[in-house]
Amino acid sequence: MIKRSFLSCLSLVVFGVYAQVAKKNDKNRPNVIFIYADDLGYGDLSCYGATKIKTPNLDKLASSGVRFSNAHCTSATCTPSRYALLTGEYPWRKEGTGILPGDAALIIPTNKITLPKLFKQAGYKTANVGKWHLGLGDQVAKDWNGEVKPGPNEVGFDYSFIFPATADRVPTVFMENHKVVALDPNDPIEVNYNVKVGKDPVGKEHPELLKMKSSPDQGHDNTIINGIGRIGYMSGGKKARWVDEEVSTTFLIKAQEFIEENHKKPFFLYFALTEPHVPRMPATIFRGKSGLGYRGDAILQLDWTVGQIMKQLETLGIDKNTMIIFTSDNGSVLDDGYVDGAVTELNGHTPAGFFRGGKYSVLEAGTRIPFILSWPATVKPKVSSAMICQMDLLASFSNLLGQSIPNNDASDSKNTLDAFLGKSQKGRGVLIEQGGNASGKGGTLAIVKENWKFIPPNDGIGVQPLVNIETGNSNEPQLYNLNEDLGEKNNLARKFPEKVKELSELFEKETGLR
Ligand code: NG6
Ligand code: CA
């Protein structure tokens with residue numbers, strides 16, 4: 001009798017300790033939803049000071065978590081920023097990480113750690129829903145009608161529902177894991193970025209068929225799909241082609257299905273939205289709602305989408321222990337290829353906030369982007385001015401989840417977990433920012449150290465042609481004090497030659513470039 005009650009006592013204690021450990025572990029193992037906007041600028045959200053547009057759902061998210069004022073992607077365009085986020089390496093260290101065509105091969109190594117692999121290692125279920133733009137398959141020439149791999153599944157995502165590149169590039173189809181969705185084998189897909197394929201009309205020859213005009217000389221005048229001229233040529237796959245007005249809700253539904261199916265175990269969802277990238281073709285319910293043209297309407301659609309995810313988490317009762325990170329892959333742009341009212345209906349809105357430049361630019365508006373981290377169970381609401389970078393999420397999550405990073409992988413990713421969680425104002429000490437329409441290793445680089453920014457002299461073009469954005473290139477050295485001069489208006493290089501020397505030496509050390 002005594003023995004039995006002793007045993008049951010002991011098992012109670014053991015169970016109690018176990019439950020405590022499990023609970024503690026749970027607390028360190030939130031679900032994580034990383035929401036990536038495409039080309040959203042620092043000033044595009046009302047919680048970041050926008051007055052001409054209201055984004056109530058993101059404002060609510062911001063007020064429940066940490067809103068960062070000095071957060072960065074690595075690069076002022078999409079592919080390199082995403083590469084850095086997923087691999088923990090600066091993209092300019094590797095050839096071929098610039099903006100990719102829609103038929104590019106996968107550029108993420110399959111034998112190295114990635115952000116989703118890290119979560120998998122920690123026992124998470126992982127998914128990728130939305131825009132990809134990191135290449136597919138092991139070569140450019142590929143058969144879109146069979147299994148296309150390697151791709152997201154091979155770099156760490158258990159489940160993947162994507163479009164291959166950007167909304168303005170062919171093939172305009174969704175892919176679920178390795179296959180094109182709704183493909184009719186009797187209508188095979190062919191894609192070509194050099195010569196016309198098939199009989200579909202192209203924008204250049206038939207502008208009268210377009211429901212939204214392409215901007216002159218910007219190249220969005222190849223195959224017309226859903227009344228919109230695209231970059232690249234495509235034939236076949238008629239039933240599989242997306243309808244632009246439905247792309248956003250399609251991604252939302254797929255994201256929600258994944259959350260619903262996996263909400264009882266820890267999951268990591270990389271949810272890459274298409275808004276407000278071109279072509280902006282929001283669903284009918286959002287059209288005309290912002291008064292800022294389709295770009296503004298697309299931002300309302302994006303905000304609503306985030307709100308739908310937040311509601312779902314509440315309904316499932318997992319809102320407290322789910323971390324939502326919301327950010328953007330690069331700065332803002334107005335006319336990026338289509339005549340969609342972004343310029344003419346701007347109405348005084350300032351997408352880049354008080355920063356200079358925009359997408360493609362090494363000036364702050366290229367890489368300084370909105371970044372909100374909400375995790376109600378653990379993180380206290382605040383505004384943080386710590387300098388953080390998306391590339392550091394890999395090392396920071398490795399710390400949070402107690403996972404080691406093999407070999408020397410993700411060597412540029414720094415553990416800044418306390419800054420991400422709002423516990424410390426100390427983020428990165430030094431950051432390299434990449435501007436430019438980089439194809440390959442190119443693009444102008446700048447260095448930021450403790451609020452001093454130095455852009456080495458270069459012979460790049462001063463204004464990005466057609467989109468009309470200052471690039472930040474100059475053959476003079478540029479030095480800005482970001483503490484006093486967020487708008488990078490006063491070049492202090494001549495006044496502080498010692499600082500220029502210090503930063504140019506540090507630049508050389510960090511990048512291996514002169
Ligand atoms: C540019 C495209 C632009 C956009 C961008 C990629 C031209 C002239 N412009 O080259 O429309 O597609 O690439 O944007 O082709 S990103 O956000 O994916 O980097
Ligand atoms: Ca982008």
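Note that this is a predicted model, so its numbers are computed, not measured. Every number for a ligand or one of its atoms is a count from 1 in the order of the listing. Note that the numbering runs from 1 along the sequence shown for the chain.
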What I want to find out is whether Asp39 reaches Lys359 closely enough, with some N-O distance under 4.0 Å, to be called a salt bridge.
yes
Give the numbers and elements of all ligand 1 atoms closer than 4.0 Å to a heavy atom of Ile231.
15 (O)
Is a salt bridge present between Glu364 and Lys453, judged by a nitrogen-to-oxygen distance below 4.0 Å?
yes
To the nearest 0.5 Å, what is the distance between CD1 (Ile228) and NZ (Lys213)?
14.5 Å
Under 3.0 Å from the Ca ion (ligand 2), can any N, O or S atom of Asn330 be found?
yes
Which atoms of ligand 1 are found less than 4.0 Å from any heavy atom of His220?
7 (C), 9 (N), 11 (O)
Whether Ser332 side chain and Gly41 backbone form a donor-acceptor pair below 3.5 Å
no
Run Asn226 and Lys211 through side-chain hydrogen bond (donor to acceptor under 3.5 Å, both in side chains) and show every step you take.
CA-CA 8 Å; Asn226 189 31; Lys211 65 180 174 194; 3.1 Å; yes
What are the atoms of ligand 1, with element, lying closer than 4.0 Å to any heavy atom of His133?
18 (O)
Ligand 1 atoms nearer than 4.0 angstrom to some heavy atom of Thr77 are 19 (O)
salt_bridge(Asp340, Arg280) N-O dist < 4.0 Å
yes
What do we get for Tyr338 next to ligand 1 when only non-hydrogen atoms under 4.0 Å count, side chain, backbone, both or neither?
neither
Tell me whether Arg67 forms a cation-pi arrangement with Tyr48, defined as NZ or CZ under 6.0 Å from the six-membered ring centre and within 45 degrees of its axis.
yes
Minimum distance, heavy atoms only, to atom 17 (O) of ligand 1: which one of Arg82, Gln464, Arg169, Lys359 is it?
Lys359
Under 4.0 Å between heavy atoms, the region of Lys131 that gets near ligand 1 turns out to be side chain
Within the 4.0 Å heavy-atom cut-off, what Asn330 brings close to ligand 1 is side chain
Among the N/O/S atoms of Asp38, select the one at the shortest distance from the Ca ion (ligand 2) and name it.
OD1
State whether Arg93 and Asp412 are salt-bridged, where the test is any N-O pair (Lys NZ or Arg NE/NH1/NH2 against Asp/Glu carboxylate O) under 4.0 Å.
yes
Contact atoms of ligand 1, heavy-atom distance to Asp39 under 4.0 Å
17 (O)
Thr166, any N or O under 3.5 Å of ligand 1 N or O
no
Is it the side chain, the backbone, both or neither of Asp336 that has a heavy atom closer than 4.0 Å to ligand 1?
both
Going by the angle between their ring planes, with limits at 30° and 60°, are Phe258 and Tyr159 parallel, tilted or perpendicular?
parallel
Considering only heavy atoms, which of Asp38, Val333, Asp168 lies nearest to atom 12 (O) of ligand 1?
Asp168
Where the Ca ion (ligand 2) is the corner point, what angle links OD1 of Asp39 with OD2 of Asp329, to 10°?
150°
Would you call Lys120 and Asp158 a salt bridge, taking side-chain N to carboxylate O under 4.0 Å as the test?
yes
Cys78 N/O under 3.5 Å from ligand 1 N/O:
yes
Based purely on interatomic distance, does Thr79 place a nitrogen or oxygen under 3.5 Å from a nitrogen or oxygen of ligand 1?
no
Is there a ring pair (Phe, Tyr, Trp, His ring centres under 6.0 Å) between Phe355 and Tyr42 once you walk through the steps?
CA-CA 8 Å; Phe355 296 106; Tyr42 187 93; 4.8 Å; yes
